[in-house]
Amino acid sequence: MKKETPNYFHQVFEVTRRIPYGRVTTYGTIANYLTLGSARMVGWALNKSFTAENDVPAHRVVNRKGELSGRNHFPMPTMMQQLLESEGVVVENDTIKDLKKYFWDPAEEWEED
DNA sequence: CGTTTGACGGTCC
DNA sequence: CGGACCGCCAAAC
């Protein structure tokens, strides 16, 4: 059973799964938290989130502007926005309205499970 | 093994 | 405010 899942991939998946309901974060924040050095690694890792076995809520991860930059990589481009709205996140024009309001920082130490 | 790309970010103009 | 450019780093080609 070889998963060939690089360390940073695992880290990104784990942190992403730690994102609370109705909360979002950015690639740069995760990258900075994991000290990956580049936010692109986060996006790349999340790209595999679909092929990965884990349930990674990639829709809760947006870019610095709060824009749903990765919606194009979802099974359906509209799925990401629908999921966010379903969680109570106000999304307009493929962009989170009050990003700062829903923003979640991994360094804020999550409330266990 | 060199080049290109990529779900980003920040600075510069 | 927005377009242009560079930096990061790994995978794909």
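Order of the sequence lines sets the chain letters (A, B, ...), proteins ahead of strands, with each chain counted from 1.
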Rounded to the nearest angstrom, tell me the gap between atom [atom1] in [X] and atom [atom2] in [N].
X	N	atom1	atom2	value
M41(A)	dG7(C)	CE	P	16 Å
K65(A)	dC1(C)	NZ	P	13 Å
F74(A)	dA7(B)	CZ	C1'	9 Å
R64(A)	dG9(B)	CZ	P	8 Å
L84(A)	dA7(B)	CG	C1'	13 Å
L34(A)	dC9(C)	CG	P	14 Å
M79(A)	dA7(B)	CE	C1'	13 Å
Y27(A)	dG6(B)	OH	P	14 Å

Heavy-atom side-chain proximity of [X] to [Y] below 4.5 angstrom:
X	Y	result
R17(A)	D55(A)	no
V61(A)	V12(A)	no
I96(A)	L68(A)	yes
R60(A)	Y21(A)	yes

Between dA11(C), dG9(B), dA7(B), which one does the side chain of W44(A) approach most closely?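 The listed nucleotide nearest to W44(A)'s side chain is dA11(C).
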For the side chain of H73(A), counting heavy atoms from C-beta on, which of dG9(B), dA10(C), dA7(B) is nearest?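 The closest nucleotide is dA7(B).
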Under 4.0 angstrom, heavy atoms only, what part of the nucleic acid is [X] near: base, sugar-phosphate, or nothing?
X	answer
A45(A)	nothing
S49(A)	base
Y8(A)	sugar-phosphate
L68(A)	nothing
N63(A)	sugar-phosphate

Looking at T29(A), T26(A), N32(A), which hits side-chain contact (heavy atoms from CB on, under 4.5 Å) with D105(A)?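 The single option meeting the side-chain contact (heavy atoms from CB on, under 4.5 Å) with D105(A) is T29(A).
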How do G37(A) and F9(A) order along DNA chain C: which one's closest nucleotide is nearer the 5' end?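 The 5'-side residue here is G37(A).
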Compare side-chain N and O positions of R71(A) against OP1 and OP2 of dA7(B) and report whether any pair is under 4.0 Å apart.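 Answer no for this pair, as no side-chain N or O of R71(A) is under 4.0 Å from OP1 or OP2.
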